[in-house]
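In what follows, chains are A, B, ... by sequence order, proteins preceding strands, each numbered from 1.
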Amino acid sequence: MEQQTKNLIVGAVETLAQATGIKVVYKANVPKTGNVYPDGFVRIDYKNMHWDFAIQTKVRVTRATVAIEKTQPTLPGHDRILVTEYATPPMADLMRQIGLLFMDTAGNAYINKPPLYIFIKGNKRPENLKPAPIKRLFKPAGLKVVFALLNNPQMVDWPYRQVAAVTDVALGTVDWIFRDLKEMGFLVEMGGRKRKITNPLPLLKRWVEAYPEQLRPKLGIERFKADDPNWWKNVDIADYNACWGGEVAAAKITKQLKPEKVIIYAPEPPGKLIIEKKLRKTATGDIEILKPFWKFDHKLIHLGIAPPLLIYADLMATGDDRNIETAEIIYDNYLAQPDRHDR
DNA sequence: ATAGGGTGCTAACAGTGCCG
DNA sequence: CGGCACTGTTAGCACCCTAT
C-alpha cells in the first residue's frame, strides 16, 4: 500500500478516536481477505461491542464518488467504511442520506451501527493539509483522452499524433496522459509498439468521479426552461445535430426513468430546437445544453443518444437514488464488459 | 548504407483562472 | 486588479523504421 494511503487512514483513525473518546484501531490487511480490501480494516470498540469495518480509501469525495461507493459490492458479513481526506458538509449529509459510512482526517464521520451512532460534520479541513494535487489524467484534457480510450480500446496503439487529433488535445498532452496512465497502472507497454489498457473498469470509475468536477463545467453550459414538461418526448434530436444525455437518454434506453432534468450535447446552439419548443434561457433552467467533447462514432449516436459512459457519469453525478439505480442498469448493459466492441 | 519521414519525448512558452 | 500558480500548447530534438 502506498504511504500516502496509510497516512490518510492513520490520520483519520487518530482524529476520530480523539474526537469521540471511542477506541478506534487501524488493522492493516489480514492475509485471509486477500486483496479484496487491500487497505485493511478499522476496529471500533464501543461498550462491550466491537465492529470491523473494511476500509475503502478515497482522497476526495464528490457526489459521483458517493454514488460509485454505494453501488460497489460488499463481502457478506463485512461493513465498509469510506476513509477520506476531507468531507465537505454537503458530502457528509449526502453520505448519511445514502447510508454510506465514512470518516475523514478532519474528524468528520458517519457511523451508524446501533446502539453506536456518530455523525459529525462541519469540521474544517486542517490548515496544514492542502488538498492533494489532481493528476493531469483527471484534468479536462486528460479526461477527454481517457474518455476516447475507454470508448475505443484500440486507440491505445495509435500514434500520439493521431490520438491528439481525434481528441482535440495537443501532442504534448497525450504524452502527459500516457505517462500518468502507466504510472498509475492503467497502461502497460507490450513492446513492438503495442500497448494495453489494464484495469479498464477502475479507470472508468475514476473517470466518472472526475468528469463532473473537471471537464463538465468547461463545456459551455447553457440553461433553458420549457413550459411543457414532456416537450422532449417526440423530438428526434438527431435532426438538430445533437444528442440526449443524462436522464432523457437513460429513459430512452432503459425505459425505467421518468426524467426531470434534460441534458443535450450539441456542438452548436440548436437555435431551431429552441425556437420550435419555445425554450427560454434562464440561469435556473433544468435543461442543460453543452458542447460534446468527443469526435468518434458510437453505436447509439444515430438514435440521438450520447455514449453510455457519459450517460452513466451524468446520472451518477446527481447523487440521486433513482438515477443511481438506472445508472447501474446502463453499467451492466453497456459498460461492464470492456472487451465488447459494439459500444 | 543512407535519406527521409514518422514517432516519442521534452522544455520553454502562453493562456487561464484563482486568490488576495 | 494584479500577481501567481498551474494547465496545456508549441516547437524542436533525437531516435527509430522503412524504402531505395
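The nearest whole Å value for the distance from the CG atom in Asp175(A) to the P atom in dA14(C) is 17 Å. As a whole-Å value, the separation of Gln214(A) CD from dT7(C) P is 9 Å. Taking atom NZ of Lys144(A) as the reference point, atom P of dG8(C) lies 9 Å away to the nearest angstrom. Distance, Leu215(A) CG to dG17(B) C1': 16 Å, rounded to whole Å.
Aromatic ring orientation, Tyr265(A) versus Phe293(A): perpendicular (interplanar angle above 60°, classes split at 30° and 60°).
Nearest nucleotide to the side chain of Lys218(A), out of dT7(B), dG17(B), dC9(B): dG17(B). In the set dT9(C), dG8(C), dC9(B), the nucleotide with an atom closest to the side chain of Tyr160(A) is dC9(B). Listed nucleotides dT7(B), dT10(C), dT7(C) differ in distance to Lys139(A); the shortest reach to its side chain belongs to dT7(C).
Between dG8(B) and Arg179(A), no contact under 4.0 Å exists linking OP1 or OP2 to a side-chain N or O. Look at Thr173(A) and you won't find any side-chain N or O under 4.0 angstrom from OP1 or OP2 of dG8(C). Taking side-chain N and O atoms only, Arg195(A) has a distance below 4.0 Å to OP1 or OP2 of dG8(B).
One donor-acceptor pair, N or O on each side, does fall under 3.5 Å between the base of dG8(C) and the side chain of Arg136(A).
Looking at Asp314(A) and Arg216(A), a side-chain N of the basic residue comes within less than 4.0 Å of a carboxylate O on the acidic one, giving a salt bridge.
Heavy-atom minimum distance, Met91(A) versus Val61(A): CG-O, 3.7 Å.
Between Gly172(A) and Ile134(A), the residue anchored closer to the 5' end of DNA chain C is Ile134(A), taking for each the nucleotide with the nearest heavy atom.
A donor-acceptor pair under 3.5 Å is formed between the side chain of Asp180(A) and the backbone N or O of Leu137(A).
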